[in-house]
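In what follows, every chain begins at residue 1, and chains take the letters A, B, ... in the order their sequences are listed.
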Number of protein chains: 2
Amino acid sequence: MAKKRDENTELQILNAAKNIFQYKGMDGARMQEIADLAGINKAMLHYYYRNKQLLFEAVFKQAFSTLAPQLNLILNNDSSIEDKVKNFTSNYISFVIKHPYLPNFIIQELNRNPDFILKIQENSLLLNIDKFKKRVLLEVNQGILKPIKGEQLFINILALNIFPFVAKPLVKAFINENDKGFEELMEQRKTEVSDFIIQAIKN
Amino acid sequence: MAKKRDENTELQILNAAKNIFQYKGMDGARMQEIADLAGINKAMLHYYYRNKQLLFEAVFKQAFSTLAPQLNLILNNDSSIEDKVKNFTSNYISFVIKHPYLPNFIIQELNRNPDFILKIQENSLLLNIDKFKKRVLLEVNQGILKPIKGEQLFINILALNIFPFVAKPLVKAFINENDKGFEELMEQRKTEVSDFIIQAIKN
DNA sequence: ATTTAGTTTAACCGTTTGGTTAACAAAAGT
DNA sequence: ACTTTTGTTAACCAAACGGTTAAACTAAAT
């Protein structure tokens with residue numbers, strides 16, 4: 001069991017690295033731990049990815065490419081703002097339940113090293129808000145929406161959807177709920193949040 | 001040049017530790033780095049705080065006690081929901097500009113070790129949402145507010161205020177602004193966010 | 001059958017890390 | 001005056017860490 005243009009090992013490594021890095025972060029992760037989880041020798045990590053930094057970047061890029069399509073649900077389709085909000089909100093919450101560590105991981109590591117965002121943007125995953133801003137301006141002028149800047153609305157949408165998951169331990173402490181209670185609360189938010197936003201902006 | 005009933009050294013250590021830990025997190029911080037910043041020998045860290053973990057906990061507790069009064073602006077005063085929202089929003093944004101790493105630090109480390117919240121709650125810093133919930137229910141019944149659960153409203157208020165700072169690098173990448181542009185946007189939010197919330201909930 | 005090239009491993013290496021120790025210096029206590 | 005206690009330092013230590021090496025192994029090409 002050894003030789004054959006083996007993309008399998010490389011993928012096993014990336015998967016193990018994804019688990020460890022997303023759970024413990026760059027600084028908290030240990031190469032040995034990743035190797036153990038992948039069930040291979042530590043030297044293989046370096047054989048395929050040279051060093052910890054590059055392995056980490058591979059994980060980070062993949063994580064970001066998983067998240068990006070979710071955000072493009074708001075930014076780059078042609079529906080109305082109301083539809084964008086409804087669509088994104090219900091979608092995103094389902095998404096996070098599938099990938100619990102992902103939003104936190106991205107935010108945490110982006111704070112540790114803000115330059116990563118540049119490497120991402122080079123890599124053709126451009127996240128551009130212009131189209132969204134034009135649509136907001138249009139609907140404001142048409143009287144559909146109350147006056148609001150596109151940037152602020154976009155930040156608000158992200159905040160209401162992403163924050164509760166990023167700050168989960170804090171929220172749980174306040175709400176005084178167990179995991180099940182927290183998830184029920186999040187389930188409610190699939191409609192609650194979009195109603196909240198739409199009430200805030202619609203004329 | 002050595003001896004004198006010195007509470008000064010202990011405080012210098014805590015201050016240096018605060019800077020390093022809040023900026024780099026538990027895993028990323030180095031004891032030597034903290035000692036260097038405090039301008040003392042590394043052994044002193046252990047003399048006063050025994051080990052890294054305890055030094056970290058001292059920093060974390062202090063950080064949390066700095067944040068808690070801000071949150072009590074919503075939870076434990078007798079004003080109307082509208083006043084709570086206006087008050088907290090303008091206050092909090094000024095607060096974060098003074099303590100840029102603080103919210104991020106707390107959220108990040110609480111995710112790394114959710115049990116910290118227990119140590120905090122033992123320590124008499126109870127953060128209880130009950131009073132807030134009662135007030136929301138009251139104003140809903142009086143017809144001042146649209147129907148909304150206290151928990152959800154509280155999460156929304158936190159989210160809209162805290163998120164943009166926690167996700168600063170991400171937001172900056174979207175908005176395509178430099179630091180100055182970001183701060184202007186946050187300055188706008190002092191009123192923008194409370195208007196947004198009030199429009200969403202008021203009858 | 002032998003070479004060749006890619007894959008995998010055990011052992012190793014230098015450095016960094018959190019933590020300890022022993023000696024020392026200045027107050028405080030007697 | 002002396003002893004004891006407290007604060008401080010330089011030197012040290014074992015363990016953990018990221019990374020390397022050289023050799024073994026495997027399957028395909030010649």
Is it true that the side chains of A:Glu184 and A:Gln188 contain a donor and an acceptor less than 3.5 Å apart?
-> no
C:dT16 phosphate, OP1 or OP2: any side-chain N/O from B:Arg30 under 4.0 angstrom?
-> no
Here the distance between atom C1' of D:dG19 and atom OH of A:Tyr49, to the nearest Å, is 17 Å
Rounded to whole angstrom units, what separation is found between the CD atom of A:Gln32 and the P atom of D:dA16?
-> 11 Å
C:dG19 base to B:Lys42 side chain: any donor-acceptor pair below 3.5 Å?
-> yes
Among the nucleotides D:dT6, C:dT8, D:dG18, whichever has the atom closest to the side chain of A:Thr9 is C:dT8
Here the distance between atom C1' of D:dA16 and atom CG of A:Asp36, to the nearest Å, is 14 Å
Identify whether any heavy atom of B:Met31 sits under 4.0 Å from a base atom; if not, whether one sits that close to sugar-phosphate; answer base, sugar-phosphate or nothing.
-> sugar-phosphate
Take the protein atom NZ of A:Lys52 and the nucleotide atom P of D:dT20, then report the distance between them rounded to whole Å.
-> 15 Å
A:Ile34 atom CD1 is separated from D:dG19 atom P, nearest whole Å, by 11 Å
Any luck finding a side-chain donor-acceptor pair between A:Lys84 and A:Asn77 under 3.5 Å?
-> yes
Sort out for me which residue in B:Asn128, B:Asp130, B:Val136 forms a side-chain contact (heavy atoms from CB on, under 4.5 Å) with B:Phe132.
-> B:Val136
So which one's nearest nucleotide on DNA chain D is more toward 5', B:Ile40 or A:Asn41?
-> B:Ile40
Length of the CE-C1' vector between A:Met44 and D:dT20, whole Å = 15 Å
Mark yes or no: A:Arg112 above the aromatic ring of A:Phe56, with NZ or CZ under 6.0 Å from the six-membered ring centre and no more than 45 degrees from the axis.
-> yes
Using whole Å, report how far CG of A:Asp27 lies from P of D:dG18.
-> 10 Å
C:dG18 C1' sits how many Å from B:Gln53 CD, rounded?
-> 12 Å
Among C:dT17, C:dT21, D:dT8, find the nucleotide with the atom closest to the side chain of B:Ala43.
-> C:dT21
Nearest to side-chain heavy atoms of B:His46, which nucleotide of D:dT8, C:dG18, D:dG19 | C:dG18
D:dT9 phosphate, OP1 or OP2: any side-chain N/O from B:Tyr47 under 4.0 angstrom?
-> no
How would you label the contact of A:Ala29 with the nucleic acid (heavy atoms, under 4.0 Å): base, sugar-phosphate, or nothing?
-> sugar-phosphate
Verdict with reasoning, B:Asn72 to B:Asn76, per side chain to side chain donor-acceptor pair (under 3.5 Å) | CA-CA 5 Å; B:Asn72 278 323; B:Asn76 295 318; 2.9 Å; yes
Measure from the side-chain heavy atoms of B:Asn51 and tell me the nearest of D:dT8, C:dG19, C:dT17.
-> C:dG19
